[in-house]
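Along the sequence shown, the residues carry numbers beginning at 1.
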Amino acid sequence: MSPEPQPAPRPRRETVTGVPRSGRRPPGHAPARSEISEQTTLGHTYVRSLMRSQLRAALRALATLALLVGSLPLLLALPAALAPHGTAPAPGLFVWAALGVGVHPVMWLVARWYVHRAERNERDFTGLVEGR
């Protein structure tokens, strides 16, 4: 009778806790955080890019709000233009509806977009600085 073949030994189990990191960075590379704290040209470039992206988001929000507020006189003059003989249907009601339904929700959405964009810019910058 031939001996039964022995089963192959099982490989050793390994616990995976995250993406394997590849050693240290090359010695000539300084982390971005030290570039910023030492106020080098590269650090200045990092901070300037963050400021530029924040400014771009602020200008977009400001332009949107300026268009919205700038168009209000035209919108509020609409009931009088639709009824040329002075029989405009309740202009006070129209003003409240225009401001409450048209303007305030748009302002809230613009503000929410701006905060989200500013937080995203800061998160991207932090990721760049910390090397994530």
Side-chain angles (χ1 to χ4, degrees):
M1 197 154 173
S2 68
E4 291 187 28
Q6 294 289 332
R10 289 187 176 177
R12 186 172 166 246
R13 286 187 160 192
E14 230 178 273
T15 303
V16 178
T17 58
V19 178
R21 298 183 184 245
S22 60
R24 302 181 120 200
R25 291 185 183 214
H29 182 274
R33 182 178 293 173
S34 67
E35 295 284 344
I36 293 170
S37 64
E38 294 172 5
Q39 297 181 352
T40 63
T41 305
L42 181 58
H44 180 69
T45 303
Y46 285 151
V47 172
R48 192 175 48 203
S49 81
L50 172 66
M51 291 173 60
R52 214 175 23 242
S53 64
Q54 296 288 51
L55 178 64
R56 194 177 310 119
L59 290 176
R60 284 183 186 162
L62 180 65
T64 303
L65 291 176
L67 285 173
L68 179 69
V69 172
S71 66
L72 274 178
L74 296 174
L75 181 67
L76 297 178
L78 189 63
L82 291 177
H85 300 293
T87 58
L93 179 64
F94 179 76
V95 169
W96 277 102
L99 292 175
V101 177
V103 175
H104 287 271
V106 174
M107 287 177 66
W108 183 82
L109 287 173
V110 169
R112 183 178 169 126
W113 172 85
Y114 175 73
V115 168
H116 175 72
R117 184 66 190 182
E119 288 174 348
R120 180 176 160 196
N121 288 340
E122 291 174 5
R123 193 172 44 248
D124 291 347
F125 180 74
T126 304
L128 175 71
V129 168
E130 293 179 353
R132 286 188 260 160

ILVMFWY network linking [X] to [Y], side-chain heavy atoms under 4.5 angstrom:
X      : Y      : value
Tyr114 : Leu65  : no
Leu109 : Met107 : no
Leu99  : Leu75  : yes
Leu72  : Val106 : yes
Val103 : Val95  : yes

Within this structure, what is the CZ-OG1 distance for the pair Arg60 and Thr64, rounded to the nearest 0.5 Å?
9.5 Å

Atom CZ of Arg48 and atom OG of Ser53: how far apart are they, to the nearest 0.5 Å?
12.5 Å

For a quick test of reading the model, state the closest non-hydrogen atom pair linking [X] to [Y] and the distance between them.
X      : Y      : value
Ala57  : Trp113 : O-CZ3, 3.5 Å
Leu50  : Asn121 : CD1-O, 3.8 Å
Pro105 : Gly100 : CD-O, 3.3 Å
Tyr46  : Phe125 : O-CE1, 3.4 Å

Let me see the working for Trp108 and Arg112 under side chain to side chain contact (heavy atoms under 4.5 Å, CB included), right down to the final yes or no.
CA-CA 6 Å; Trp108 183 82; Arg112 183 178 169 126; 3.4 Å; yes

Start with the C-alpha distance between Gln54 and Met51, add both sets of side-chain angles, then the distance that settles side chain to side chain contact (heavy atoms under 4.5 Å, CB included), and finish with yes or no.
CA-CA 5 Å; Gln54 296 288 51; Met51 291 173 60; 5.7 Å; no

